[in-house]
Protein chains: 2
Amino acid sequence: MTDIFFNVKKHSDQQKFFKGMELLYFGYRDFISWPDDVLHELGFGRAHHRILHFVSRSPGLKVAELLKLLNITKQSLSRVLSTLVEKGHIRQDIGVQDRRQRLLYVTEQGQDLLNKITEHQKEHMLKAFETAGSQSVEGFWKVLSALLTDENREELLNQINKDMGA
Amino acid sequence: MTDIFFNVKKHSDQQKFFKGMELLYFGYRDFISWPDDVLHELGFGRAHHRILHFVSRSPGLKVAELLKLLNITKQSLSRVLSTLVEKGHIRQDIGVQDRRQRLLYVTEQGQDLLNKITEHQKEHMLKAFETAGSQSVEGFWKVLSALLTDENREELLNQINKDMGA
DNA sequence: AAAATATGTCAGTCATGTTGACATATTTAA
DNA sequence: TTAAATATGTCAACATGACTGACATATTTT
């Protein structure tokens with residue numbers, strides 16, 4: 001499976017497209033389909049995970065910024081965010097400069113939950129990176145960056161690259 | 001953005017994980033969020049696209065095989081597949097050896113629809129491959145293959161590699 | 001003849017997204 | 001200082017694409 005399968009130059013455009021699309025579909029699916037254990041018990045889904053992740057990644061995130069990252073409407077966000085706040089996983093502070101803003105923070109409890117959720121995914125991804133090798137990981141990142149919409153690219157790459165010293 | 005951003009070895013495990021996860025999330029999202037044009041007008045969604053794709057890719061596919069590929073229940077498949085059959089995009093033939101089976105084929109009309117749907121995605125992906133370069137595409141494929149679940153890998157890679165001469 | 005298999009379907013539910021309309025608090029601008 | 005703009009929240013209705021459980025039909029295997 002190592003020889004011809006991965007030899008890009010021996011593929012037609014159509015073949016490259018199919019292989020890329022299908023691998024992306026199956027790979028993404030297998031990556032995000034974690035064992036339900038932790039989440040389903042608690043009544044949480046992927047939406048909750050995404051919110052916890054981005055808030056944890058950028059403490060003090062404003063609601064508007066979160067909406068832009070997730071690319072959903074505030075009505076959609078509302079339900080999910082509300083339950084996370086009610087159950088004490090996320091805290092909303094009133095903005096200091098602008099008191100209309102709600103600044104979002106993950107609580108200790110929320111961080112514990114997030115860690116439990118990502119535990120498996122982190123293992124999964126790092127194992128895949130190890131298997132594929134650094135050279136391949138670099139290519140993985142480069143292609144995914146190129147797949148971003150032109151309008152999104154700069155902003156998203158900045159977001160992704162943010163606080164990479166932490 | 002080319003220097004340190006893509007230098008895998010200068011990343012901690014945590015940083016690799018975050019970058020991989022976020023790029024995969026955003027990249028996948030930007031790739032599958034096509035312009036609604038074609039589909040929404042016709043009342044079709046992503047589920048229809050997936051079915052059309054896999055049936056087109058493997059003419060004569062059995063329902064059970066399709067279910068396994070999509071990893072959904074037959075009840076879920078039913079609604080979507082039914083409308084595709086009703087509207088003449090997919091044809092169901094009775095199996096020759098086993099008359100219980102329904103063998104699925106994309107009609108000419110269905111292939112036209114599929115082409116319209118994928119037009120944009122194909123451009124998008126091939127452009128990204130071009131930008132990133134063959135070396136990167138190879139890495140992209142290798143990492144995604146490694147992200148497949150161990151139980152799935154062999155079967156899926158065979159599926160993906162199937163009829164690559166077409 | 002009985003059991004297993006491949007498929008289909010009815011009914012109800014859930015998670016996550018959408019629009020549209022409106023409310024409230026706060027900041028900015030005329 | 002009032003009026004407009006902004007940041008957030010919420011109610012209601014709806015769409016899509018999953019799920020479970022139960023049952024039906026045709027066909028093949030034992």
Side-chain angles (χ1 to χ4, degrees), chain A residues 25 28-29 32-34 36 38-55 60-87 90-105 117, chain B residues 25 28-29 32-36 38-55 60-86 90-105 117:
Chain A
Y25 171 64
Y28 183 81
R29 192 186 69 182
I32 55 148
S33 75
W34 57 66
D36 311 279
V38 190
L39 290 117
H40 215 259
E41 278 173 26
L42 297 163
F44 289 133
R46 279 167 205 163
H48 302 84
H49 177 197
R50 284 200 284 271
I51 294 177
L52 279 172
H53 171 79
F54 286 118
V55 174
L61 195 69
K62 292 168 204 129
V63 171
E65 292 170 336
L66 180 54
L67 284 175
K68 209 172 177 191
L69 279 176
L70 296 175
N71 215 14
I72 58 176
T73 60
K74 60 179 174 173
Q75 296 92 325
S76 279
L77 177 63
S78 167
R79 254 181 322 206
V80 186
L81 182 55
S82 302
T83 72
L84 284 170
V85 171
E86 280 166 26
K87 297 196 183 173
I90 284 191
R91 180 166 46 88
Q92 294 177 297
D93 285 4
I94 290 177
V96 261
Q97 300 132 356
D98 186 334
R99 293 171 47 81
R100 289 171 303 182
Q101 297 171 343
R102 294 298 117 92
L103 309 185
L104 305 173
Y105 297 90
I117 295 174
Chain B
Y25 171 65
Y28 182 81
R29 190 186 69 182
I32 54 151
S33 75
W34 56 65
D36 310 282
V38 191
L39 289 118
H40 214 259
E41 277 174 24
L42 296 164
F44 290 134
R46 280 168 203 161
H48 302 83
H49 177 198
R50 283 200 286 271
I51 294 177
L52 279 173
H53 171 79
F54 286 117
V55 174
L61 195 68
K62 295 169 202 128
V63 171
E65 292 170 336
L66 180 54
L67 284 176
K68 208 172 178 191
L69 278 176
L70 297 174
N71 215 14
I72 59 175
T73 61
K74 61 180 174 176
Q75 296 93 325
S76 283
L77 176 63
S78 168
R79 254 181 326 204
V80 187
L81 182 54
S82 302
T83 72
L84 284 170
V85 171
E86 279 165 26
I90 283 192
R91 177 166 49 83
Q92 293 176 298
D93 286 4
I94 289 178
V96 261
Q97 301 133 355
D98 187 333
R99 293 170 47 80
R100 289 170 303 181
Q101 296 172 344
R102 295 299 116 92
L103 307 185
L104 306 173
Y105 297 88
I117 294 175

To the nearest angstrom, the NZ-P distance between A:Lys68 and D:dT6 comes to 14 Å
Of C:dT18, D:dG9, C:dT7, the nucleotide closest to the side chain of A:Arg102 is D:dG9
Parallel, tilted or perpendicular: rings of B:His48 and B:Phe44 (30°, 60°):
tilted
Whole-Å distance, B:Asp93 CG to C:dT7 C1', equals 15 Å
With sequence neighbours left out, the residues meeting side-chain hydrogen bond (donor to acceptor under 3.5 Å, both in side chains) with B:Arg100 are B:Asp98
Whole-Å distance, A:Arg99 CZ to D:dG9 P, equals 15 Å
Whole-Å distance, B:Ile72 CD1 to D:dC19 P, equals 6 Å
To the nearest angstrom, the NZ-C1' distance between A:Lys74 and C:dT19 comes to 12 Å
For B:Leu104 and B:Leu66 the tightest heavy-atom approach is CD1-CD2, 3.7 Å
Against the side chain of B:Ala64, the closest entry in D:dT8, C:dT18, C:dT7 is C:dT7
Atom CD of B:Gln97 and atom P of D:dT28 are separated, to the nearest Å, by 11 Å
Answer with base, sugar-phosphate or nothing: what part of the nucleic acid does A:Glu65 contact at a heavy-atom distance below 4.0 Å? nothing
Kindly assign one of parallel, tilted or perpendicular to the pair B:Phe54 and A:Tyr25, based on the angle between their ring planes and the thresholds 30° and 60°. tilted
Separation of D:dG9 atom P from A:Leu66 atom CG, nearest Å, is 10 Å
Per the under-4.0 Å heavy-atom filter, residues of residues 76-84 of chain B near DNA chain D come out as B:Ser76, B:Arg79
| For B:Ile94 and B:Gln101, what are the C-alpha separation, side-chain angles and deciding distance, and is it a side-chain contact (heavy atoms from CB on, under 4.5 Å)? | CA-CA 6 Å; B:Ile94 289 178; B:Gln101 296 172 344; over 6 Å; no
Pair of N/O donor and acceptor under 3.5 Å linking C:dG17 base with A:Gln75 side chain | no
Apply side-chain contact (heavy atoms from CB on, under 4.5 Å) to B:Arg102 and B:Asp93, showing your working.
CA-CA 5 Å; B:Arg102 295 299 116 92; B:Asp93 286 4; over 6 Å; no
Closest of C:dT18, D:dG9, D:dT28 to the A:Thr73 side chain is C:dT18
### Task
Decide yes or no for A:Leu67 and A:Ile72: does some side-chain heavy atom of the first lie under 4.5 Å from some side-chain heavy atom of the second?
yes
Under a 4.0 Å heavy-atom cutoff, the residues of residues 43-53 of chain B touching DNA chain C are none
### Polar side-chain contact B:Arg100-D:dT28 base: donor and acceptor under 3.5 Å
no
To the nearest angstrom, the CG-P distance between B:Asp98 and D:dT28 comes to 5 Å
Using side-chain contact (heavy atoms from CB on, under 4.5 Å), reason through B:Val85 and B:Arg91 one step at a time and then give a plain yes or no.
CA-CA 6 Å; B:Val85 171; B:Arg91 177 166 49 83; over 6 Å; no
(request) Determine, stepwise, if the pair A:Lys87 / A:Leu42 fulfils side-chain contact (heavy atoms from CB on, under 4.5 Å). (result) CA-CA 10 Å; A:Lys87 297 196 183 173; A:Leu42 297 163; over 6 Å; no
